[in-house]
Amino acid sequence: MTSPPRLRTDLVARAILRQSGLDGRSAMLLRKGDPDAGGILVVLAGRHGEGTVLSQTRTAQGEAAWMRGTGPEPVPAEQIQAYIDRQLKYDPDLWVLEIETQDFSPPFEAILI
């Protein structure tokens, strides 16, 4: 069984930003990575500096999915930045997006695991 074809990372990142900004919320590109093969981290940022980071992954069936890299509860901005810095050491091609949120759920289509 083969996995489904993957879209270019730059297309996925732009789609996430566009979909997230449709309702007027702030959605920004913080770091541009490799346009073809970079992974994506999405910071879901609250109004008081806290947030959570979603990291791209795959389901057991090979479907695109997201996991809460910083854990199930929002964390302070320092912990978010420390997580991003650690991930960049392993993958310097990462894209980092930031989306304003009130409930820390992704405002784009996402399978959370």
Side-chain angles (χ1 to χ4, degrees):
M1 183 167 124
T2 62
S3 62
R6 296 182 187 199
L7 292 173
R8 288 175 41 119
T9 305
D10 59 343
L11 296 176
V12 174
R14 283 196 301 244
I16 289 170
L17 291 172
R18 187 171 295 123
Q19 188 177 8
S20 299
L22 286 176
D23 62 359
R25 75 180 71 220
S26 172
M28 308 178 264
L29 172 66
L30 298 182
R31 183 176 194 284
K32 197 174 196 177
D34 184 276
D36 295 314
I40 300 175
L41 297 178
V42 176
V43 178
L44 299 176
R47 295 182 184 252
H48 304 290
E50 76 287 4
T52 187
V53 180
L54 300 180
S55 178
Q56 279 186 312
T57 189
R58 294 267 167 192
T59 66
Q61 296 75 31
E63 293 178 279
W66 298 86
M67 62 176 246
R68 293 186 185 274
T70 52
E73 298 298 321
V75 298
E78 302 81 35
Q79 288 182 22
I80 292 169
Q81 190 59 53
Y83 179 84
I84 292 169
D85 291 343
R86 281 192 308 274
Q87 297 308 307
L88 285 169
K89 286 181 184 176
Y90 299 112
D91 184 0
D93 295 328
L94 277 175
W95 290 66
V96 181
L97 314 178
E98 182 177 282
I99 301 166
E100 181 183 69
T101 181
Q102 291 182 6
D103 62 0
F104 303 102
S105 63
F108 54 90
E109 288 186 36
I111 298 170
L112 286 176
I113 57 172

In the single-linkage hydrophobic clustering (I, L, V, M, F, W, Y; side-chain heavy atoms under 4.5 Å), do Tyr83 and Val96 co-cluster? yes
ILVMFWY cluster, Leu41 and Val43 together (side-chain gap under 4.5 Å): yes
Working to the nearest 0.5 Å, report the span between [atom1] of [X] and [atom2] of [Y].
X      : Y     : atom1 : atom2 : answer
Leu7   : Arg14 : CG    : CZ    : 11.0 Å
Glu98  : Met28 : CD    : CE    : 4.0 Å
Ile16  : Arg18 : CD1   : CZ    : 12.0 Å
Asp36  : Asp10 : CG    : CG    : 7.0 Å
Arg31  : Ile84 : CZ    : CD1   : 10.0 Å
Ile113 : Thr57 : CD1   : OG1   : 4.5 Å

Counting distance only, does the side-chain N/O of Gln56 pair as donor-acceptor with the main-chain N or O of Ile40 below 3.5 Å? yes
With distance as the sole test, does Glu78 use its side chain to make a donor-acceptor pair with the main-chain N or O of Pro76 at under 3.5 Å? no
In terms of heavy-atom contacts, does CZ of Arg8 have more than 12 from other residues, nucleotides or ligands at under 6.0 Å? yes
Is any side-chain heavy atom of [Y] closer than 4.5 Å to one of [X]?
X      : Y     : value
Pro106 : Val42 : no
Leu44  : Pro74 : no
Val53  : Val75 : no

Distance-minimising heavy-atom pair for [X] and [Y]:
X      : Y      : value
Phe104 : Gly51  : CE2-CA, 3.6 Å
Thr9   : Gly38  : OG1-O, 2.6 Å
Trp66  : Ala110 : CD1-CB, 3.5 Å
Thr52  : Gly71  : OG1-O, 3.6 Å
Arg47  : Gln102 : NH2-NE2, 3.1 Å
Ala64  : Ile111 : O-CD1, 3.7 Å

Would Gln79 and Thr70 count as a side-chain contact (heavy atoms from CB on, under 4.5 Å) here? Give the steps. CA-CA 8 Å; Gln79 288 182 22; Thr70 52; 5.9 Å; no
With Leu29, which residues qualify under side chain to side chain contact (heavy atoms under 4.5 Å, CB included), at least two apart?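 Scan of Leu29 (side chain to side chain contact (heavy atoms under 4.5 Å, CB included), adjacent residues dropped) gives Leu17, Lys32, Trp95, Leu97.
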side-chain contact (heavy atoms from CB on, under 4.5 Å), that's the test. Do Leu112 and Met67 meet it? Break it down for me. CA-CA 6 Å; Leu112 286 176; Met67 62 176 246; over 6 Å; no
